[in-house]
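Numbering of residues begins at 1 and proceeds along the displayed sequence.
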Amino acid sequence: MCLHAGFFYVKIKNCVCTKQYRKRVTVMIKAAVLGYGTVGSGIVSVIENNADVIAAHGVDMHVKYILDLRDFPGDPFEKLVVHDFDQILNDDEVKIVCEAMGGTEPAFTFSKKAMEAGKSVCTSNKELVAEKGAELMEIAKKNNVNYLFEASVGGGIPILRTLNDALTAERIESIQGILNGTTNYILTKMEKEGADFDAVLKEAQEKGYAERNPEADIEGYDACRKIAIIVSLISHKRADWEQIHTEGITKISSVDFKYAHKLGRTIKLIAACHKTEKGYAAIVSPRMIDKENPINCAQGVFNAVLVHSDMLDDSLYYGRGAGKLPTASAVVGDAVELARHLGDHFSAGWSAEEVALDPVEDSEFEYFVRCKGAFSDNEAALKAAFGSVKPVDASEAGEFGFTTSLMKEGSFMNAYNALDGKLNYIRL
Ligand code: HSE
């Protein structure tokens, strides 16, 4: 490090990084965008419409190519559309590739080839990052380029960069996230309007919030991939998303909300992880959370991530977790960072070694249970099966609710599966 003309210059390989440097030297960048769907077209809009803002940060960035199978007659950027990836690959002027294709192939092959050709890649593709992130990060390292994926978790919320850059002096002890906008929109509507799941899902599909095939969202797989990316990032090892216990929101009804309100709670799809003795515990499931829980600020399509770390304590990150421009903004933010680090491999990530994930049966929760009949007729049997229980009266005919104390998931499931007249359970 040297002091020169009143500024600190930190020399890392060939790159000189200071805020002053960023403002004074303009890097000229040509980018290619792979996929011209919702996020891809958003990326082009952000780069071109906010070119002046990006230039003020020292990067003169423009889109040279858009790769898509389709043509877009009448689109202001139709002349940039190409159908052959090799055209991008063989153009040395293109230094940055923004991948917004979704799915693992051909996104993986294109990202790999781009990095092998010396281009850095940024993406919003959570399926690809959760599945093949470690491999792509290794390819980036070998080729002295970078692979960034901020938009893959929490859409426009800069949560990954915060974990990587801002919270580097913190032991991250636990993270709770509302990481899926579609399910949060559905649960918020169900709560506010007393509507049932199927009706709200249909409306969300009509409005274009939910996909025509909404399985990945409503069954929790999307949130699961996102929490797997978070666990990988904080543990520096690959978290296998398929090993994370995942439950979606399809069994939640308007009656569950009545009980939640009696308890001063609401219901959210929570993706959670925490550090354990052996590794990490992670789970995605509906939870009855306290209405005062700061994460409950996320209503509708918004996302929120509550991080608990040893020095800072709780910190909350909130914003639009989905949508064209918020997601694109995160991808372009990565592209700007990539432009600042040409020829310098800096991106952090995780290795292919798998992090130990505790079996869900070993985790402890309190539970809410709904059951047919009357609490008074079942109290003794419930205590024998679940230990300490407390009734919850939502004045629903022919049924009752109760909560348990903290119990191991394995013991709870044994008792719940043997329960006559069971209707539903939700973890608190
Ligand atoms: N389907 C996702 C959601 C999109 O609803 O949150 C953003 O990853």
Side-chain angles (χ1 to χ4, degrees), residues 173-178 187 190-191 220 227 244-296 306 308 313-314 357-428:
E173 288 167 349
S174 67
I175 296 184
Q176 275 194 331
I178 293 175
L187 291 174
M190 284 174 72
E191 171 159 49
I227 197 74
I244 297 176
H245 181 84
T246 298
E247 293 172 22
I249 62 163
T250 54
K251 290 187 194 135
I252 303 299
S253 71
S254 52
V255 178
D256 293 318
F257 276 102
K258 288 188 189 166
Y259 284 98
H261 294 164
K262 285 282 166 194
L263 290 163
R265 290 173 180 263
T266 185
I267 304 170
K268 295 285 188 189
L269 183 70
I270 301 286
C273 66
H274 67 269
K275 182 88 190 76
T276 64
E277 262 175 39
K278 292 181 202 146
Y280 285 82
I283 182 168
V284 176
S285 71
R287 301 281 284 267
M288 264 193 194
I289 61 165
D290 199 296
K291 282 205 165 191
E292 302 302 314
N293 185 326
I295 211 170
N296 190 29
L306 182 62
H308 182 79
D313 206 293
D314 283 345
L357 294 173
D358 290 8
V360 70
E361 292 74 18
D362 293 350
S363 289
E364 287 188 327
F365 300 95
E366 293 168 85
Y367 298 81
F368 163 77
V369 178
R370 267 175 63 211
C371 190
K372 286 182 194 155
F375 181 78
S376 52
D377 295 341
N378 293 278
E379 189 171 355
L382 293 174
K383 281 186 173 152
F386 294 93
S388 158
V389 292
K390 282 189 197 147
V392 190
D393 182 5
S395 307
E396 282 294 308
E399 64 166 87
F400 65 96
F402 66 92
T403 57
T404 73
S405 303
L406 208 57
M407 10 183 352
K408 278 234 160 100
E409 172 90 4
S411 313
F412 170 79
M413 287 315 303
N414 286 341
Y416 180 77
N417 286 332
L419 180 65
D420 283 338
K422 58 185 171 287
L423 291 168
N424 202 7
Y425 70 91
I426 302 174
R427 296 173 187 84
L428 301 189

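Counting heavy atoms of neighbouring residues, nucleotides and ligands inside a 6.0 Å radius, atom CG of Asn417 exceeds 12 of them. Atom NZ of Lys422 sits in a crowded spot, with more than 12 heavy atoms from other residues, nucleotides or ligands closer than 6.0 Å.
A side-chain donor-acceptor contact under 3.5 Å links Glu191 and His261.
Counting heavy atoms from C-beta outward, Leu306 and Pro294 have side chains that approach closer than 4.5 Å. Side-chain atoms of Thr403 and Glu366, non-hydrogen and from C-beta on, never get closer than 4.5 Å to each other. Counting heavy atoms from C-beta outward, Arg287 and Ile267 have side chains that stay 4.5 Å or more apart. For the pair Gln176 and Asn293, the minimum side-chain heavy-atom distance is below 4.5 Å. The side-chain heavy atoms of Tyr259 and Glu399, taken from C-beta on, include a pair separated by under 4.5 Å. With a 4.5 Å cut-off on side-chain heavy atoms, Phe365 and Met407 do not count as touching. The shortest distance between side-chain heavy atoms of His274 and His308 does not fall below 4.5 Å.
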Pair up each side-chain donor or acceptor in residues 373-384 with any protein partner under 3.5 Å, not counting sequence neighbours, and list the distances.
unit_1, atom_1, unit_2, atom_2, d
Asn378, ND2, Ala374, O, 2.7
Glu379, OE2, Lys383, NZ, 2.9

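Of all non-hydrogen atoms in Ile426 and Ile252, the two that sit nearest each other are CD1-CD1, 3.7 Å. Nearest approach of Phe386 to Ala415, heavy atoms of both residues: CE2-CB, 3.6 Å. When every heavy atom of Pro286 is checked against every heavy atom of Gly248, the shortest pair comes out as CG-O, 3.2 Å. Contact detail for Ala271 and Val284: the closest heavy-atom pair is CB-CG2, 4.0 Å.
The backbone N or O of Tyr367 sits less than 3.5 Å from a side-chain atom of Thr404, completing a donor-acceptor pair. Not a single donor-acceptor pair under 3.5 Å links the side chain of Arg370 to the backbone N or O of Leu423. Remark: the backbone N or O of Lys251 is paired with a side-chain donor or acceptor of Asn424 at under 3.5 angstrom. Judged by distance alone, with hydrogens and angles left aside, the side-chain atoms of Asp256 form a donor-acceptor pair with the main-chain N or O of Ser253 at under 3.5 Å.
In this view, Tyr425 and Phe412, Tyr416 satisfy the ring-ring contact (aromatic ring centres under 6.0 Å, His included) rule, not counting sequence neighbours. Listed by chain and residue number, Thr266, Lys268, Ile289, Lys291, Gln299 satisfy the side chain to side chain contact (heavy atoms under 4.5 Å, CB included) test with Asn296 (two or more places apart in sequence, or in another chain).
The cationic group of Lys390 does not satisfy the cation-pi geometry with Phe402, failing either the under 6.0 Å distance to the six-membered ring centre or the 45° limit from the ring axis.
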